[in-house]
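Down below is the structure, laid out as structure tokens.
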2 protein chains.
Amino acid sequence: MTTPESRWGRRGHQARSVVTQDLILDAAEELFGERGIDATSVVDVAERADRSIGSLYHHFDTKELLVHAVVDRLIDGIQTEIDDFFAPNRWEGRPALHIVRGYLRGTLGLDRSRPGYKRIGRELSMMDAETLSRYRGLRQRTGDGLRSLLLTRKDEFGHPDPKTGVRLVADMCTAMVAARVDRDTTPTQLSRLSDEKFVTAMLEAVAAILQIDPED
Amino acid sequence: MTTPESRWGRRGHQARSVVTQDLILDAAEELFGERGIDATSVVDVAERADRSIGSLYHHFDTKELLVHAVVDRLIDGIQTEIDDFFAPNRWEGRPALHIVRGYLRGTLGLDRSRPGYKRIGRELSMMDAETLSRYRGLRQRTGDGLRSLLLTRKDEFGHPDPKTGVRLVADMCTAMVAARVDRDTTPTQLSRLSDEKFVTAMLEAVAAILQIDPED
DNA sequence: ATTATCTATAGATCTATAGATAATGC
DNA sequence: ATTATCTATAGATCTATAGATAATGC
């Protein structure tokens, strides 16, 4: 697992620097996700990374910088997955409902594989305007991508106003996945279903809204 | 604004106790909502309430107890509004879409009038299992109430399986309102619309899913 | 020679208490 | 006489630094 270089700037001159920095970033991401950023001390992070506090500060000048390094790494990873999803030709010849299914599975998996992502983003967004706008940008681009991709399949829809229909469907998918992943405060009945049954139920609703004949 | 007595127990023996306790609870609710619980010191709270730290500790033994007092007051207030919404005869003679409209407007207003509610609940739920289950219970009862209320109107639906349809619709309303209120991390296109237009768009989707003729 | 690591600790907060002073109400 | 308030401060964390020791790589 190599870490992409980002704003914070990797500063190692020896091979072990990379190892230590990765260990620290991994430990920080875990702990921030489990307990929250504020509740995690830099000493906690150093301990889980099996390094001393002095070593940690040799690589990251402040706690704030460490937090940003963790966030940068998270965002870079997610952006890569999103780019992959919207790669040209990826959905060639597939109907709208396949795209929606891929989107639902993808966004569910994305949050599952990064347990701390939501929590860290939320906590940091409360104080840091730049992180907030980066998180928003990520969501924005994802939504835009999904909408324009679906609109290329508008001939499949019976809905009189495809643009409005697609906008609603995209929002609904985003909101429902968010509610499903963030089970703490927004419990829904669909949360009790397995991922696959959840996706199936959503596809039925999407078909009803866009007025697609579900045939597959 | 009288505060309902809750678990934490009001302990005043003089008239000014009530005033001070209310001032402290108001200040705490504001600050916890603005900056978060962790980032707010008890001295901050005392200052905004125009009382000394000694006075604060005379009324609330620990910061944890103060936090719980704030949460209790929030939950009690919300429960009251929910009871009001589901009061018998409240929706007599009104069609399903009116109920959904009332629900959407109500839940939107509920979060708007208590800016800190979501944030406080989320932060506290991360560490305190009891608060988590109380928040969940609130949402659970609301969802149950909405579903059973809507099911009494099932003759209006063309949907072949009203129970499934209603479950989906209730979840969708909850998730979409949550996404709209929590604009930080879950931006949606519908967030750009006014509350009224958002409600209208939602009602169209609900009508499509349940297969209701929108006539009103 | 340079870079990375460690231990020990200074300095800044933040929660909570002690003890003195002021206000209330039987 | 009892309750509420205030000021001052003890004790617990937590971030960040200083300075000594160990490992790396030209």
Side-chain angles (χ1 to χ4, degrees), chain A residues 3 5 8-32 34-71 120 123-124 127-128, chain B residues 3 5 8-32 34-71 120 123-124 127-128:
Chain A
T3 311
E5 320 269 325
W8 64 282
R10 215 173 253 287
R11 35 165 63 164
H13 295 81
Q14 292 182 9
R16 51 184 180 155
S17 286
V18 181
V19 176
T20 296
Q21 286 169 8
D22 281 344
L23 283 173
I24 290 173
L25 288 172
D26 289 345
E29 185 178 322
E30 279 174 37
L31 286 167
F32 293 163
E34 288 167 20
R35 312 179 192 167
I37 299 170
D38 264 13
T40 302
S41 78
V42 284
V43 174
D44 293 336
V45 175
E47 267 172 13
R48 183 166 296 196
D50 267 314
R51 290 295 182 279
S52 72
I53 180 63
S55 182
L56 187 150
Y57 271 98
H58 176 72
H59 293 286
F60 302 92
D61 282 349
T62 62
K63 181 181 182 181
E64 199 184 337
L65 233 149
L66 171 61
V67 173
H68 278 98
V70 169
V71 169
I120 294 172
E123 195 175 346
L124 191 58
M127 26 194 193
D128 177 46
Chain B
T3 311
E5 320 268 326
W8 63 282
R10 219 173 249 288
R11 34 166 62 166
H13 294 81
Q14 292 183 10
R16 53 185 178 153
S17 286
V18 182
V19 175
T20 295
Q21 285 168 9
D22 281 344
L23 284 172
I24 290 172
L25 288 171
D26 290 345
E29 185 178 322
E30 279 175 37
L31 287 167
F32 292 163
E34 288 166 20
R35 311 178 194 169
I37 299 170
D38 264 13
T40 302
S41 78
V42 284
V43 174
D44 292 337
V45 175
E47 266 171 15
R48 182 167 296 196
D50 266 315
R51 290 296 183 278
S52 71
I53 181 62
S55 182
L56 187 151
Y57 271 99
H58 176 73
H59 293 287
F60 302 93
D61 282 349
T62 62
K63 182 181 181 180
E64 198 184 339
L65 233 149
L66 170 62
V67 172
H68 278 97
V70 169
V71 169
I120 294 172
E123 194 174 346
L124 192 57
M127 27 193 193
D128 177 47

Check this one for me: any side-chain N or O of B:His59 less than 4.0 Å away from OP1 or OP2 of D:dT3?
no

Should A:His58 be listed as having a side-chain N or O under 4.0 Å from OP1 or OP2 of C:dA4?
yes

Would you mind reading off the distance between A:Asp61 atom CG and C:dA4 atom C1', rounded to a whole angstrom?
15 Å

In A:Gln14, A:Arg51, A:His58, the residue satisfying side chain to side chain donor-acceptor pair (under 3.5 Å) with A:Thr20 is A:Arg51

Nearest-neighbour nucleotide for the A:Thr62 side chain, C:dT15, D:dA16, C:dA23 considered:
D:dA16

Sort out the partner of D:dA1 for me: Watson-Crick or G-U wobble, both distances under 3.5 Å, none otherwise.
C:dT24

Would you say D:dA16 has OP1 or OP2 under 4.0 Å from some side-chain N or O of A:Tyr57?
yes

Using OP1 and OP2 only, check whether a side-chain N or O of A:Ser52 sits under 4.0 Å from C:dT5.
no

Quick one: which of C:dT5, D:dT5, D:dG25 gets closest to the side chain of A:Arg16?
C:dT5

Could you state the CD-C1' distance from B:Gln21 to D:dT3, rounded to the nearest angstrom?
12 Å

Could you state the CD-P distance from B:Glu47 to D:dC6, rounded to the nearest angstrom?
12 Å

I would like to know whether B:Val45 and B:Ile53 meet side-chain contact (heavy atoms from CB on, under 4.5 Å); could you show each step before the answer?
CA-CA 8 Å; B:Val45 175; B:Ile53 181 62; over 6 Å; no

Across all strands shown, which nucleotide pairs with C:dG19 by Watson-Crick or G-U wobble geometry, both distances under 3.5 Å?
D:dC6

The residue, A:Ala39 or A:Gly54, whose nearest nucleotide of DNA chain D is more 5′ is A:Ala39

Rounded to the nearest Å, what distance is computed from the CD1 atom of residue B:Ile53 to the P atom of nucleotide C:dT15?
8 Å

Need to verify one output field. Residue with the more 5' nearest nucleotide on DNA chain C, B:Gln14 or A:Ser55?
A:Ser55

Looking only at D:dC14, C:dC14, C:dT5, the nucleotide nearest the B:Ser41 side chain is C:dC14

Taking atom P of D:dA8 as reference, at what distance in whole Å does atom CG of B:Leu56 sit?
18 Å

Testing the basics here: between A:Phe32 and A:Ile37, what is the closest heavy-atom pair and its distance to 0.1 Å?
CD2-CA, 3.8 Å

Less than 4.5 Å apart, side chain to side chain, heavy atoms only: is that true for B:Val70 and B:Phe60?
no

On a heavy-atom basis, which atom in B:Gly36 and which in B:Glu123 lie closest, and how many Å separate them?
CA-OE1, 3.2 Å

Does B:Arg51 make a side-chain N or O approach to OP1 or OP2 of D:dT5 shorter than 4.0 Å?
yes

Please tell me which of B:Val42 and B:Ala15 maps to the more 5' nucleotide of DNA chain C, matching each residue to the nucleotide holding its nearest heavy atom.
B:Val42

d(CG, A:Leu23; C1', C:dA4) in whole Å
14 Å

Check the distance between C:dA16's P and B:Ile24's CD1 and give it to me in whole angstrom.
14 Å

For the residue pair B:Asp50 and B:Leu23, establish whether any side-chain heavy-atom pair is separated by less than 4.5 Å.
no

A:Ile37 CD1 to D:dC14 P, straight-line distance once rounded to whole Å
16 Å

Could you tell me whether the phosphate oxygens of D:dT5, OP1 or OP2, come under 4.0 Å of any side-chain nitrogen or oxygen in B:Thr20?
yes

